[in-house]
Amino acid sequence: MLASDAEREDMVERLRESTAEGRLTLEELAERCEAAYLARTREELASIGEDLPAAADAPASGSSPRASSGRRTFWAVFGDVTHRSPGLEEGLEANAVLGDVTLDLCASLAPSSGELVVAARAVLGDVHLLLPEGVRVEVDCHNLFGDIRDLTRPHSGPEAATPRIRVTGFGLFGDIVLDHPGTDRRTYWQRWLDERRDRV
């Protein structure tokens, strides 16, 4: 039986609740929201959240399984800093001064709000942000003798259901670069749904 738009919205809401409980990474949230809108049948739609607890199994109101991680700040001064999966709940700061900061956010737990603000400052150095496919990226940066490069691909699906990353800051004789990891993660759920349909 084909899935309805209301059923897709219910699944997206369930994904949001699981995100608030700390169960999904930023990449997983983006992928599963996209998959929810790609799903054609009820069976395909249900399979997207089959490893998540039902709403009745969620923690009681007022309790939070994930403590606030605080705003994470990274500095690269006369050297390079690379970090994978930093905490995102309170936002990020990336400061590169005569060095490079590289942050891979794909496997980080998604913020419970579904939105992330990154303050990037590149002074005679570069800030590289690796973002998952399917997120909505907004860049509000200024540069002087530096480049601001957004190499990410446009997101798919309704904007209200898509995780948003807003990057602010400036480049002064340095670059701020937003890109995806080298592997093609964008089509993971689409390939999975196509393989499932082929078996049927």
Side-chain angles (χ1 to χ4, degrees), residues 1-59 64-66 69 84-89 91-92 103-118 128-139 150-167 178-200:
M1 184 175 293
L2 296 179
S4 67
D5 288 342
E7 289 169 330
R8 293 187 183 92
E9 292 296 338
D10 287 344
M11 175 56 70
V12 169
E13 183 60 30
R14 187 177 170 196
L15 295 173
R16 288 177 181 154
E17 292 171 358
S18 294
T19 296
E21 294 162 11
R23 300 181 189 278
L24 297 177
T25 67
L26 187 63
E27 182 177 42
E28 289 169 338
L29 176 61
E31 285 181 343
R32 294 194 193 206
C33 283
E34 180 181 15
Y37 289 103
L38 288 172
R40 295 174 55 198
T41 67
R42 285 182 171 178
E43 181 184 10
E44 290 175 355
L45 189 60
S47 65
I48 293 167
E50 64 186 2
D51 59 341
L52 300 174
D57 298 332
S64 175
R66 179 181 8 157
S69 60
R84 187 174 184 273
S85 309
L88 305 180
E89 191 62 30
L92 292 175
L103 301 178
D104 185 346
L105 310 185
C106 295
S108 294
L109 287 177
S112 56
S113 64
E115 296 187 354
L116 169 67
V117 176
V118 180
H128 300 269
L129 301 176
L130 298 178
L131 310 177
E133 299 274 3
V135 298
R136 183 163 37 117
V137 177
E138 297 179 2
V139 181
D150 181 2
L151 306 178
T152 61
R153 285 175 280 275
H155 71 282
S156 60
E159 290 194 359
T162 306
R164 182 177 72 161
I165 297 178
R166 184 168 177 262
V167 181
L178 288 65
D179 202 354
H180 298 302
T183 57
D184 181 13
R185 305 183 189 188
R186 178 174 58 92
T187 59
Y188 170 79
W189 275 99
Q190 181 134 31
R191 289 199 312 268
W192 183 85
L193 287 172
D194 290 343
E195 290 170 2
R196 191 181 184 92
R197 290 166 186 164
D198 289 342
R199 287 198 300 270
V200 172

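If you take CD on E43 and CD1 on I48, they are separated by 11.5 Å, rounding to the nearest 0.5 Å. The CG atom of L88 sits 7.5 Å away from atom CD1 of I165, with the distance rounded to the nearest 0.5 Å. The distance from atom OG of S18 to atom CG of L24, rounded to the nearest 0.5 Å, is 5.5 Å. Separation of atoms CD (E21) and CG (L52) is listed at 8.5 Å; rounding is to 0.5 Å. Between atom CG of residue L38 and atom CZ of residue R32 there is a gap of 14.5 Å, rounded to the nearest 0.5 Å. Interatomic distance, E28 CD to T25 OG1, rounded to the nearest 0.5 Å: 3.5 Å.
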Next item on the list: Starting from the C-alpha separation in whole Å, work towards a yes-or-no answer on side chain to side chain contact (heavy atoms under 4.5 Å, CB included) for L29 and L15.
Entry: CA-CA 7 Å; L29 176 61; L15 295 173; 4.3 Å; yes
Next item on the list: List the steps, then state whether side chain to side chain contact (heavy atoms under 4.5 Å, CB included) holds for V167 with L129.
Entry: CA-CA 10 Å; V167 181; L129 301 176; 4.0 Å; yes
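Closest approach of G49 to M11, counting heavy atoms only: N-CE, 4.0 Å. The shortest non-hydrogen separation linking E9 to Y37 is OE2-OH, 3.1 Å. The shortest non-hydrogen separation linking S112 to E89 is OG-OE2, 2.7 Å. Smallest separation of non-hydrogen atoms from R8 and A36: CD-O, 3.3 Å. A pairwise comparison of heavy atoms in L116 and G91 identifies CD1-CA, 3.8 Å as the closest pair. Contact record, R153 with H180: N-NE2, 2.9 Å, taken as the closest heavy-atom pair.
In this structure the side chain of L92 reaches within 4.5 angstrom of the side chain of L105, judged on heavy atoms. The shortest side-chain heavy-atom distance between P111 and L26 falls under the 4.5 Å cut-off.
Of the options C33, C106, P163, a side-chain contact (heavy atoms from CB on, under 4.5 Å) to V135 is made by P163 and by none of the others.
Considering only residues two or more places apart in sequence or on other chains, E7 meets the side-chain contact (heavy atoms from CB on, under 4.5 Å) condition with A3, S4, R42, L45. Among residues two or more places apart in sequence or in another chain, the side-chain contact (heavy atoms from CB on, under 4.5 Å) test is passed with D150 by V137, V139, T152, L178. Residues passing the salt bridge (Lys or Arg N to Asp or Glu O under 4.0 Å) test with R164 are E115, E138, sequence neighbours excluded.
Judged by distance alone, the side chain of E44 and the main-chain N or O of R40 form a donor-acceptor pair under 3.5 Å.
A salt bridge between R14 and E17 is absent, with no side-chain N of the basic residue lying under 4.0 Å from a carboxylate O of the acidic one.
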